[in-house]
Amino acid sequence: MADAKQGTPITYAGGRYTVPNDPVIPFIEGDGTGRDIWKASRKVFDAAVAKASGGKRRIVWKEMLAGEKAFNATGNWLPDATIADIKTYRVGIKGPLTTPVGGGIRSLNVALRMILDLYACIRPVRYFAGVPSPMKRPQDLDVVIFRENTEDVYAGIEFAAGTAEAKRLREFLMVELKSKAIREDSAIGIKPMSQFGSQRLVRRALQFALDKQRPSVTLVHKGNIQKFTEGAFRDWGYQLAKAEFAGRVVAEEDVPAAGAGGKVVVKDRIADSTFQQMLLRPKEYSVLATPNLNGDYLSDACAAQVGGLGMAPGANIGDGYAVFEATHGTAPKYADLDKINPCSLILSGVMMFEHLGWDDVARSIVAGIEGALGAKRVTYDIARQMEGATEVGTSAFADQIVGHLG
Ligand code: NAP
């Protein structure tokens, strides 16, 4: 055990975390506006932990370098020490990072997900009263999206048009595999989706629905067109539900007239239809499990329905490792102006506390955000569309949240 000043690492064994009262949690402050929102978020987190635990628990924050700050200090965008810290301390939180342009690492976020095998991207989307929304009844949407995070077109297997590789691959497909004709000047991308990768994602979504008593899990796919990838995602999902969750889940078509009897209903929808369902019948959906690209589109579209990216949290979770993150970018034009909305990162912290089993802290922060919104003292993005609102800066908004902690 480390001494009290240094904190104690979280450990993981047998699929469970052991969380001490003084966990060390590494953080990446983020570039651009990351600096402002991290400062504000940390203040809210520390106050909520102290309040919910009566001073018995605290977090020992440990800074990790990544992005521009890391590059300026070490010449490396993603130092090995940062990966080592997440491996040691297991659960971390990060602000947005500038993606280096030209050469080198494609995206620091994608690199982190791949290196740590953070295979589930989880994005809860719910409405907070008072936040401006384009919907008539934004409160009807309350979904948690589980997006597969390592496969699909994000695997990065692509060949540019006109290259020798694209030419060879085209010939191999048409001649050896007797595929349909591919135009000579085509670029070619490959979409790998495995049974293992799909089922570990669906397993997490089903377990989450059971743990949180959510009524359904919907497998969102494009299997009508891409039968062996997206169609297989659906089939593997149902197979897993039957094999590992028998008695606790029920397929939609087998639900008796009297209702599901507390079991989680497993259903599937074609991706395009899901977008219109989210707009027209959001109440029918609770947990969505989806391959990578569908999930990317769907989570931003759903976030827009409840007030946009400033309120959208996210988590990247693997087995025994998790990184929680604001879903928006660095919004560089507002950097260091104490202006933007810190809620995306604060709500990512709420997810982190829930993940660690500190639900009391999570509830306290949610009450704080609801209170701050109710007081109508909010950042510019909300104030510009909220009647009777007073615009305040990032830090003053965080003070409002602290003042309303539950
Ligand atoms: P962005 O940083 O998300 O900002 C786009 C716009 O979204 C902002 O100008 C602002 O709109 C609004 N916005 C974003 N966050 C907000 C917040 N917290 N509160 C209020 N409004 C917010 O997107 P970008 O300009 O395309 O990307 C900038 C950099 O971020 C790039 O280097 C990109 O690669 C990187 N990026 C990083 C991540 C990540 O680390 N996870 C994700 C995406 C992008 P208004 O102008 O209307 O005020």
Side-chain angles (χ1 to χ4, degrees), residues 27-41 44 64-72 77-78 82 86 92-114 116 118 121-123 128 131-134 147 149 154 292 295-297 299-301 303-304 306-317 322-351 369 372-373 377-386 389 391-398 400-401:
F27 69 92
I28 295 169
E29 125 189 308
D31 296 322
T33 46
R35 292 185 284 274
D36 280 340
I37 59 172
W38 170 251
K39 225 183 296 155
S41 301
V44 171
M64 302 182 284
L65 292 180
E68 258 166 13
K69 190 170 182 182
F71 186 75
N72 294 338
W77 289 92
L78 186 58
T82 295
I86 302 179
I93 186 162
K94 66 175 276 293
L97 294 173
T98 305
T99 301
V101 178
I105 295 175
R106 208 165 38 130
S107 152
L108 298 174
N109 298 303
V110 174
L112 268 176
R113 289 169 203 165
M114 294 294 182
L116 296 163
L118 305 173
C121 175
I122 306 175
R123 300 234 176 125
F128 283 90
V131 175
S133 152
R147 162 187 168 194
N149 222 6
Y154 285 73
N292 209 335
D296 191 10
Y297 298 153
S299 40
D300 273 23
V306 297
L309 288 178
M311 301 294 293
N316 297 292
I317 296 184
V323 177
F324 296 81
E325 66 173 351
T327 58
H328 57 73
T330 58
K333 68 181 175 185
Y334 298 126
D336 305 314
L337 296 182
D338 192 35
K339 184 161 173 86
I340 71 158
N341 185 351
C343 279
S344 173
L345 191 56
I346 293 175
L347 287 166
S348 303
V350 167
M351 293 180 75
I369 292 175
L373 291 168
R377 295 179 62 77
V378 291
T379 43
Y380 82 98
D381 53 316
I382 303 177
R384 68 187 165 190
Q385 292 183 69
M386 185 190 253
E391 182 182 325
V392 299
T394 311
S395 50
F397 190 37
Q400 283 292 317
I401 296 172

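Here the structure is a predicted model, which means the values were calculated and not measured. Numbering of ligands and ligand atoms starts at 1, following listing order. The basis for the numbers below is simple: all heavy atoms, side chains too, and nothing from hydrogens, waters or symmetry mates.
- Closer than 4.0 Å to atom 3 (O) of ligand 1 lies at least one heavy atom of the protein.
- The side-chain heavy atoms of Leu65 and Phe71, taken from C-beta on, include no pair separated by under 4.5 Å.
- Interface atoms of ligand 1 facing Thr98, defined by a heavy-atom separation under 4.0 Å, are 32 (O).
- Ligand 1 has an N or O atom lying under 3.5 Å from an N or O atom of Gly329, backbone or side chain.
- Closest protein heavy atom to atom 11 (O) of ligand 1: Tyr380 OH, 3.9 Å.
- Remark: ligand 1 atoms within the under-4.0 Å shell around heavy atoms of Leu97 are 35 (C), 36 (N), 37 (C), 39 (C), 40 (O).
- In this structure, atom 6 (C) of ligand 1 has no protein heavy-atom contact shorter than 4.0 Å.
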Donor-acceptor pairs are to be reported for all side-chain atoms of residues 325-333 against protein atoms at under 3.5 Å, with residues two or more places apart or in another chain.
| from | atom 1 | to | atom 2 | distance (Å) |
| --- | --- | --- | --- | --- |
| Glu325 | OE1 | Lys94 | NZ | 2.8 |
| Glu325 | OE2 | Arg113 | NH2 | 3.0 |
| Glu325 | OE2 | Asn316 | ND2 | 3.0 |
| Thr327 | OG1 | Ala312 | O | 2.8 |

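- A donor-acceptor contact shorter than 3.5 Å is absent between the side chain of Asn341 and the backbone of Thr379.
- Looking at Asn341 against ligand 1, both its backbone and its side chain come within 4.0 Å, counting heavy atoms.
- Side-chain contact between Phe397 and Cys343 is present, with at least one heavy-atom pair separated by less than 4.5 Å.
- Residues Asp381 and Met311 form no side-chain contact, since every pair of their non-hydrogen atoms from C-beta on lies 4.5 Å or further apart.
- Atoms of ligand 1 found under 4.0 Å from any heavy atom of Pro332 (numbered from 1 in listed order, with element): 28 (C).
- A salt bridge is defined here as a Lys NZ or Arg NE, NH1 or NH2 lying under 4.0 Å from an Asp or Glu carboxylate O, and Asp300 with Arg123 meets this definition.
- Tyr154 and Asp296 share a donor-acceptor pair across their side chains, judged by distance under 3.5 Å alone.
- Of all protein heavy atoms, the one closest to atom 15 (N) of ligand 1 is His328 CG, 3.2 Å.
- In this structure, of Lys339, Lys333, Lys94, the residue bringing a heavy atom nearest to atom 9 (O) of ligand 1 is Lys333.
- Applying the salt bridge (charged side-chain N to carboxylate O under 4.0 Å, His left out) criterion to Lys69, with sequence neighbours excluded, gives Glu29, Glu63.
- Atom numbering of ligand 1 starts at 1 in the shown order; those under 4.0 Å from a heavy atom of Tyr334 are 45 (P), 46 (O), 48 (O).
- With contacts defined as side-chain heavy-atom distances shorter than 4.5 Å, the pair Ile93/Trp38 qualifies.
- Residue, atom and distance of the protein heavy atom nearest to atom 32 (O) of ligand 1 are Thr99 N, 3.5 Å.
- Taking a 4.0 Å cut-off on heavy atoms, Arg384 registers as neighbouring ligand 1.
- With a heavy-atom cut-off of 4.0 Å, Asn109 touches ligand 1 through its side chain alone.
- Scanning the protein heavy atoms around atom 31 (C) of ligand 1, the nearest turns out to be Thr330 OG1, 4.3 Å.
- Checked against a 3.5 angstrom limit, the closest N/O atoms of Ala331 and ligand 1 fall inside it.
- For the pair Lys339/Asp36, no side-chain contact is recorded, criterion being any heavy-atom separation below 4.5 Å from C-beta on.
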